[in-house]
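Taking it in order: structure first as structure tokens, then the write-up.
Lettering of chains follows the sequences in order, A, B, ..., and the numbering in each one begins at 1. Keep in mind that this is a model prediction, so the values were computed, not measured.
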Amino acid sequence: MKIATFNVNGITARLPRLLEWLAESAPDVACLQELKTSDETFPLQAIEAAGYGAIWHGQKGFNGVAVLARGAQPVERRRGLPGDPDDTHSRYLEAQVGDVIVGALYLPNGNPQPGPKFDYKLKWMQRLHEHAATLVGLDAPVVLAGDYNVVPTDAVRDIYSPKGWQNDALLQPESREAFARLQALGFTDALATLHGDAAMYTYWDYFRQRWERNAGLRIDHLLLNAPAAARLKAAEVDRFIRGREKPSDHAPVWVELG
DNA sequence: ATGTCTACACACTGTAGA
């Protein structure tokens with residue numbers, strides 16, 4: 001079972017790339033982020049025509065997450081994280097597909113920091129932590145997949161160079177500690193586990209020819225609870241779609257569970 | 001400081017968010 005995450009950066013503008021990727025990579029489950037569209041304008045027909053069932057949580061202009069399942073309808077378990085009824089951002093959607101539980105998340109960027117946006121990021125991470133603690137011990141495989149907006153370390157595996165990013169919210173110690181604490185609950189970082197020190201970037205800024213120079217960051221992650229990690233066979237980045245016309249600034253990442 | 005892209009609105013140019 002192939003489970004993927006892909007920050008599409010606008011599903012309307014990116015629909016041709018999304019459909020190509022679904023056809024060529026053929027994930028069984030796809031978690032999408034940054035739909036940047038309201039619920040009413042989600043392109044369900046095109047996605048169904050590609051052979052996928054879908055649930056989504058949209059928001060006009062910003063944010064938005066979806067779970068797609070090939071030849072199946074995802075069964076929704078949760079819409080939004082618990083812990084703040086005043087939070088209006090569409091950033092978390094949880095579903096069951098087959099025997100696997102998938103949490104699709106779009107973690108707040110947090111820039112500029114310090115400031116209210118960074119505070120919101122850290123509070124959101126705390127809420128994610130508390131909810132993840134209720135999932136980690138389930139007998140079912142659990143995959144928390146999405147754009148975490150955290151570069152885990154300064155290692156070449158995670159960033160081409162930390163210079164120039166020292167003040168960015170994605171590299172702050174508080175962001176990294178929260179990400180590490182999440183893993184300490186009992187979640188495995190699939191891509192890091194299978195690829196060691198190799199550079200495994202998932203995001204490249206549009207400007208300054210960052211893609212052409214492979215000046216990327218690893219910020220899209222799939223965290224696996226123990227039952228899921230026991231079935232982990234492969235994890236890869238689908239770089240091919242990032243090199244095409246009008247791409248997202250992210251590449252999809254996926255795991256294969258046996 | 002710069003740079004690029006998407007979506008939105010007092011909309012064909014400017015602004016926010018990333």
Side-chain angles (χ1 to χ4, degrees), chain A residues 5-21 31-44 46-47 56-66 87-93 104-125 128 145-152 158-172 174-176 178-179 201-221 237-253:
Chain A
T5 178
F6 186 14
N7 180 323
V8 294
N9 189 16
I11 197 169
T12 305
R14 218 63 66 203
L15 194 57
R17 295 294 83 75
L18 174 62
L19 295 175
E20 285 174 9
W21 172 70
C31 301
L32 307 182
Q33 303 90 32
E34 280 209 85
L35 304 178
K36 293 187 177 181
T37 192
S38 59
D39 282 338
E40 296 74 21
T41 46
F42 183 83
L44 180 62
I47 285 167
W56 61 94
H57 191 194
Q59 184 172 348
K60 192 175 186 178
F62 312 101
N63 306 324
V65 287
D87 185 0
T88 58
H89 292 201
S90 298
R91 294 182 177 276
Y92 188 83
L93 190 59
L105 64 99
Y106 176 46
L107 209 146
N109 175 291
N111 282 307
Q113 77 80 33
K117 292 188 176 180
F118 190 60
D119 296 341
Y120 173 66
K121 175 178 192 153
L122 296 181
K123 283 178 187 156
W124 202 93
M125 293 187 86
L128 177 63
D147 178 358
Y148 282 73
N149 270 314
V150 176
V151 177
D158 296 337
I159 185 167
Y160 65 101
S161 166
K163 282 182 184 172
W165 291 87
Q166 296 301 339
N167 293 322
D168 196 282
L170 279 57
L171 277 73
Q172 291 314 297
E174 296 94 328
S175 308
R176 288 175 162 175
F179 185 65
Y201 307 140
T202 68
Y203 164 85
W204 301 258
D205 255 341
Y206 286 122
F207 34 82
R208 295 184 227 176
Q209 299 187 302
R210 291 248 168 86
W211 167 249
E212 289 78 1
R213 298 187 291 119
N214 195 29
L217 313 179
R218 190 173 75 95
I219 58 176
D220 300 273
H221 309 297
V237 180
D238 277 340
R239 294 173 61 103
F240 66 87
I241 205 75
R242 181 64 177 81
R244 293 190 187 169
E245 193 176 348
K246 283 194 155 289
S248 169
D249 41 6
H250 294 250
V253 190

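Spacing between B:dC12 and B:dC8 at atom C1', rounded to whole Å, works out to 14 Å. Taking the C1' atoms as reference points, B:dT2 lies 23 Å from B:dA7, given to the whole Å. Between B:dA18 and B:dA11, the distance separating the two P atoms is 24 Å to the nearest Å. B:dC10 and B:dG14 are spaced 12 Å apart, taking the C1' atom of each and rounding to whole Å.
Look at CH2 on A:Trp204: it is 16 Å from P on B:dC5, rounded to the nearest Å. Regarding A:Gln33, its CD atom lies at a distance of 16 Å from the C1' atom of B:dT6, rounded to whole Å. The distance between atom CZ of A:Arg242 and atom P of B:dT4, rounded to the nearest whole Å, is 13 Å.
Heavy atoms only, all atoms of each residue included: A:Ala169 and A:Phe118 are closest at CB-CD1, 3.8 Å.
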Name the pairs: protein N/O against N/O of nucleotides 10-18 of chain B, kept only if under 3.5 Å.
| from | atom 1 | to | atom 2 | distance (Å) |
| --- | --- | --- | --- | --- |
| B:dG17 | OP2 | A:Lys117 | NZ | 3.3 |

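In this view, A:Trp56 satisfies the side chain to side chain donor-acceptor pair (under 3.5 Å) rule with no residue, not counting sequence neighbours. Checked against ring pair (Phe, Tyr, Trp, His ring centres under 6.0 Å), A:His57 has no partners two or more places apart in sequence or in another chain.
A:Thr12 comes within contact range of the sugar-phosphate backbone alone, with a heavy-atom separation under 4.0 Å but no base atom that close. Counting non-hydrogen atoms under 4.0 angstrom, A:Arg210 reaches nothing in the nucleic acid.
By the neighbour-count criterion of 12 heavy atoms within 6.0 Å, atom CD of A:Glu20 is densely surrounded, having more than that number from other residues, nucleotides or ligands.
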Run the numbers on A:Lys121 and A:Asn109 for side-chain contact (heavy atoms from CB on, under 4.5 Å), then give the verdict. CA-CA 7 Å; A:Lys121 175 178 192 153; A:Asn109 175 291; 5.8 Å; no
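Glycosidic torsion of B:dC10 falls outside 90° of 0, placing the base in anti.
In this pair, A:Phe179 and A:Tyr148 present their aromatic rings perpendicular. The plane angle is above 60°, beyond the 30 to 60° band.
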